[in-house]
Number of protein chains: 2
Amino acid sequence: MNLPPLIQTFVLHFGEMGSRWGINRTVGQIYALLFLSSEPLNAEDIVERLGVSRSNVSMGLKELQSWNLVRLQHMPGDRRDYFSTPDDIWQIVRTLVEERKKREIDPTLTLLREVLMQEPASTEERHAQARMREMHDLFELLTDWYADMQRLETVRLVQLLKLGTKVQKILDIKDRVFLTSGSKNRRSSGKDK
Amino acid sequence: MNLPPLIQTFVLHFGEMGSRWGINRTVGQIYALLFLSSEPLNAEDIVERLGVSRSNVSMGLKELQSWNLVRLQHMPGDRRDYFSTPDDIWQIVRTLVEERKKREIDPTLTLLREVLMQEPASTEERHAQARMREMHDLFELLTDWYADMQRLETVRLVQLLKLGTKVQKILDIKDRVFLTSGSKNRRSSGKDK
DNA sequence: CCGATATTTCAGTAAATTCTGAAACTTCAG
DNA sequence: CTGAAGTTTCAGAATTTACTGAAATATCGG
């Protein structure tokens, strides 16, 4: 591996982290390298820097493309493929979450819906179905919320995240403003440190 | 594998899903089984139902315990260990997120902070550091937000998630309410990097 | 169409992970 | 203290996943 120390540290770390996710070490390293690079890299560049085989890089890049995590581009007068990551890191997060949802959450939701349609044949199955419904409802709540968030512009999304639970206080204020006529619809006042 | 069809479908699915996360098939299956079960199971129960070796179950349970994802309990007059998952599915989510943060995000944040302390030795390293700072700031924003959410009671958390982006509208209303006197105390817009 | 360059595929191997059975250890009742 | 029941550990086997080099395929300028 042929990298400046600072970059190497990061690349190795992401290689290991990749293993914890479904992604393999090389794919993690390639992405880390592209993420840090100021200009797009071609496959041969990556081979040199990471010291892995050309075919391994080819497969890794294919995998990253299937995740929509890299941009493919060309340099004038050069027919090699050059790869880079989006400049906007939030775009990366959005894509990552979207793809994981597509591969993990959506199939699970489909399966849960199917299983919930069936008639339970025993007490045991009845209880299991109740449990699955809890999971289904939770997943649905989360994906609906996620769809909402994904729709926001980044600036607003960041605003909202920065607010954190302060949003609760604002909701209380809103309640007070709109409930001037003594409605019973009050939100209880919580303490948030 | 000796399970009612409905339960088996779910258990198999979670086994495969487990592989996509860092977790192995058996561990995924064990958890799925415990999650659906109406009463706690001992290791031998799990062996029978999943048809895997006793030692495999033992290791799987150890792994789940290290994630704080199972409750260990005892039945009167029986010295075998019985395992179950929390009744409250939100508790499971909280634990899962907490543990993943501990294993994946926190070490990465530590590494990023260390690397950001160093003096870049080249233009390439300088650019890489800038990139790492973007990532650091993003992770920090997300973990701060997460800490806030983790602090909320479940009922309130669900309220908030259900609101989704409607919260935005309320924020706008709040702005209007508080800016009647042309104050400059507006919600800050954009990144403050 | 040719040859030069670039990329992908793929079969075989290497490496890593998972799983098992046997042995070691622990706990507890008598 | 003994032995039965329960649990964990661990070395090796089985399986899965990752990686490589060589061959096949694709692309393009001339």
| task | Would you confirm whether the ring centroid of Phe10(B) sits within less than 6.0 angstrom of the ring centroid of Phe14(B)? | result |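 Yes, the ring of Phe14(B) comes within the 6.0 Å limit of the ring of Phe10(B), centre to centre.
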[X] side-chain N/O to [N] phosphate OP1/OP2 under 4.0 Å:
| X | N | value |
| --- | --- | --- |
| Lys62(B) | dT7(D) | no |
| Ser58(A) | dT8(C) | yes |
| Asn24(A) | dC19(D) | yes |

To the nearest Å, how far apart are [X] [atom1] and [N] [atom2]?
| X | N | atom1 | atom2 | result |
| --- | --- | --- | --- | --- |
| Asn56(A) | dT7(C) | CG | P | 16 Å |
| Ile46(B) | dC19(C) | CD1 | P | 14 Å |
| Arg54(A) | dA26(D) | CZ | P | 16 Å |
| Leu61(B) | dT7(D) | CG | P | 9 Å |

Side chain of [X]: nearest nucleotide among [options]?
| X | options | value |
| --- | --- | --- |
| Ser55(B) | dT9(D), dT20(D), dT7(C) | dT9(D) |
| Arg79(A) | dT9(D), dT5(C), dT20(D) | dT5(C) |
| Met59(A) | dG6(D), dC10(C), dC19(C) | dC10(C) |
| Arg25(A) | dT18(C), dC19(D), dA4(D) | dC19(D) |

| query | Regarding Arg94(A) and Thr154(A), is there a side-chain donor-to-acceptor distance under 3.5 Å anywhere? | reply | yes
| Does Arg80(A) make a side-chain donor-acceptor contact with the base of dA6(C), cut-off 3.5 Å? |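 No, the side chain and the base share no sub-3.5 Å donor-acceptor pair.
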| field | Nearest-0.5 Å distance, CG of residue Asp148(B) to CG of residue Leu163(A) | value | 9.5 Å
